[in-house]
Peer 1: 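If you scroll down you'll find the structure; I have some questions about it.
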Amino acid sequence: MDVKEYIASGKLELYVAGALSPEENLEVQHYAIQYPEIRKEIEAIEKAILELTESASPKMPQDGFAKIKAEIDDVIPFTPEGSKTRRTPWGSYLGWAASILLAVGLFWMYNENAKLKSEIELTNQEKQNLEETLSETQEEVTATEGLLEEIRDKNVTVIALGGQTVSPSSYAKAYWNKEEQKVIIDAKGLPEPPDGFTYQVWSLKLDPLTPTSIGLLDDFVSQDTRLFTLENANESEAFGITLEPEGGSETPTLEQLYTLGAVGA
C-alpha cells in the first residue's frame with residue numbers, strides 16, 4: 001500500500017471527525033497499527049483540531065452560566081416536585097454542542113485546505129511538465145535549424161539516392177560537406193525498418209566497387225526529422241543505403257539495397 005497516498009486521501013481526517021462507517025474505521029485502525037506514519041498522522045490531526053478548537057472557542061464569562069440559569073428559571077418556574085428530580089445540565093450540553101459544531105467546522109476548513117494544497121501541487125507539477133516539454137521542443141527546433149544551415153552551406157554537394165529493386169518507391173538525399181568531412185542523410189523517403197534491423201550508409205568507390213560503412217541510422221522511428229549526421233573522410237564516388245541486422249554489417253547486403261546515388265550524377 002502507498003502510505004503517502006493513503007494519508008493524502010483525506011480518510012484520516014474523516015476518521016478523526018467520526019464520519020466513517022464502522023468498516024472504514026476498522027480499516028483505518030488496522031493501518032494505524034501496521035504503519036507508524038499513519039498513526040502519527042492521526043495523532044497530528046487530532047492535536048491540530050483540539051488546538052484550533054481551544055483557540056477559536058468563545059470564552060464564557062464567569063457569570064455567564066448564572067445569567068443563562070436565571071433566564072431558564074424565568075421560563076420554567078421552580079417547584080418543590082421539580083427540585084426532587086435531576087436538573088438538566090444545560091451548560092454542559094450547550095458547551096458540548098458548541099464544541100462539536102466548531103470541531104466540524106474546523107475539520108471542514110482543514111479538509112478544504114488540504115484539497116487546495118493538493119490542487120496547487122498538481123498545478124505546479126503540470127506547469128513543470130509543460131516547461132520541460134517546451135524546453136525539449138525548443139532544443140529540437142534549434143537542432144533542426146542548425147542542420148538546415150549546414151545543408152544550405154555553399155560547400156555542400158547534394159546527392160539524390162533513388163529507390164532500388166527491393167524498394168523502388170524509396171528515396172533519400174545525402175548532403176556531403178567534403179571540407180568538413182561529414183554527410184547529412186535525409187532519410188524521409190525510407191520506410192520504417194522492421195524489428196531487429198537498421199539502415200546502414202555506405203561510401204562507395206566505383207572502380208573497382210569498394211564499399212565503406214560510414215554509419216547506421218539508429219533510432220530511426222523516434223527521429224521525427226529523419227536527418228542523420230555521419231562522418232565521412234572518404235573520397236566518395238557514390239552513396240548507398242542498405243537494410244542490415246541491428247549493429248550493422250561488415251559488407252553491404254546487396255539484396256537489401258534500398259537507395260543508391262552517384263556523386264555528380
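Here, residue 1 is the first one in the sequence, and each next residue gets the next number.
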Peer 1: Hey, could you give me each pair passing side chain to side chain donor-acceptor pair (under 3.5 Å) that has a residue in residues 250-263? Not counting sequence neighbours.
Peer 2: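 Of all non-adjacent pairs touching residues 250-263, those that pass side chain to side chain donor-acceptor pair (under 3.5 Å) are E244-T253.
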Peer 1: For residues L12 and I7, report the shortest heavy-atom separation together with the two atoms involved.
Peer 2: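 Minimum heavy-atom contact is CD1-CG1, 4.0 Å.
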Peer 1: Just so I know, are the side chains of I241 and W202 near enough to count as touching, which here means a heavy-atom distance under 4.5 Å?
Peer 2: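 No. Closest side-chain heavy atoms not under 4.5 Å.
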Peer 1: Working to the nearest 0.5 angstrom, can you tell me the gap between F239 CZ and N234 CG?
Peer 2: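 Reported value, rounded in 0.5 Å steps: 8.0 Å.
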Peer 1: Do L243 and P194 touch side chain to side chain, with heavy atoms closer than 4.5 Å?
Peer 2: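 A side-chain contact under 4.5 Å exists here.
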Peer 1: Going from CG on N124 to CD on E126, what distance comes out if it is rounded to the nearest 0.5 angstrom?
Peer 2: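 If I round to the nearest 0.5 Å, the distance is 9.5 Å.
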Peer 1: In terms of the angle between their ring planes, are F228 and F220 parallel, tilted or perpendicular, with boundaries placed at 30° and 60°?
Peer 2: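 F228 and F220: parallel rings.
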Peer 1: Please tell me whether I214 and L216 are part of a single hydrophobic cluster in this structure, the criterion being side-chain heavy atoms less than 4.5 Å apart.
Peer 2: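 Shared cluster, no.
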Peer 1: Would you say D195 has more than 12 foreign heavy atoms packed within less than 6.0 Å of its CG?
Peer 2: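 12 or below, so no.
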Peer 1: Checking side chain to side chain contact (heavy atoms under 4.5 Å, CB included) for the pair R226/L190: CA distance, chi angles, key distance, verdict?
Peer 2: CA-CA 9 Å; R226 298 288 198 270; L190 292 176; over 6 Å; no
Peer 1: Determine, stepwise, if the pair I184 / V156 fulfils side chain to side chain contact (heavy atoms under 4.5 Å, CB included).
Peer 2: CA-CA 10 Å; I184 297 176; V156 166; over 6 Å; no
Peer 1: Mind listing the closest non-hydrogen atom pair of A187 and A172 along with its distance?
Peer 2: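 Closest heavy-atom pair between A187 and A172: CA-CB, 4.4 Å.
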Peer 1: Taking E180 for its side chain and K178 for its backbone only, find out whether a donor-acceptor pair lies under 3.5 Å.
Peer 2: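 Answer holds: no.
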Peer 1: Taking the side chain as every heavy atom from C-beta outward, state whether T229 and K182 have any atom pair closer than 4.5 Å.
Peer 2: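 Sidechains of K182 and T229: in contact.
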Peer 1: Quick one: does any side-chain atom of Q200 pair with a main-chain N or O of S249 as donor and acceptor, under 3.5 Å?
Peer 2: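 Indeed, once roles are kept as given, a pair shorter than 3.5 Å links the two residues.
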Peer 1: Would you please test E37 and E41 for side chain to side chain contact (heavy atoms under 4.5 Å, CB included) and show each step?
Peer 2: CA-CA 6 Å; E37 300 95 324; E41 183 67 17; over 6 Å; no
Peer 1: Under 4.5 Å between any side-chain heavy atoms of Q125 and Q128, yes or no?
Peer 2: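 SC-SC contact between Q125 and Q128 confirmed.
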Peer 1: With heavy-atom distances below 4.5 Å as the criterion, would you say the side chains of N232 and V201 are in contact?
Peer 2: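 The answer is no, as the side chains (C-beta and beyond) never meet within the 4.5 Å cut-off.
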Peer 1: Which pair of heavy atoms, one from P191 and one from Y199, lies closest together, and at what distance?
Peer 2: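 What the structure gives for the nearest pair is O-OH, 2.6 Å.
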Peer 1: Would you indicate whether the side-chain heavy atoms of E24 and Y15 approach each other to under 4.5 Å?
Peer 2: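 Side-chain contact under 4.5 Å: no.
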Peer 1: Among T210, L260, T212, find the residue that satisfies the side-chain contact (heavy atoms from CB on, under 4.5 Å) test when tested with L204.
Peer 2: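 Answer after filtering T210, L260, T212: L260.
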Peer 1: With no hydrogens and no angle check, is any side-chain donor or acceptor of K188 less than 3.5 Å from a backbone partner on D224?
Peer 2: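 Checking the backbone N and O of D224 against the side chain of K188, a donor-acceptor pair under 3.5 Å is found.
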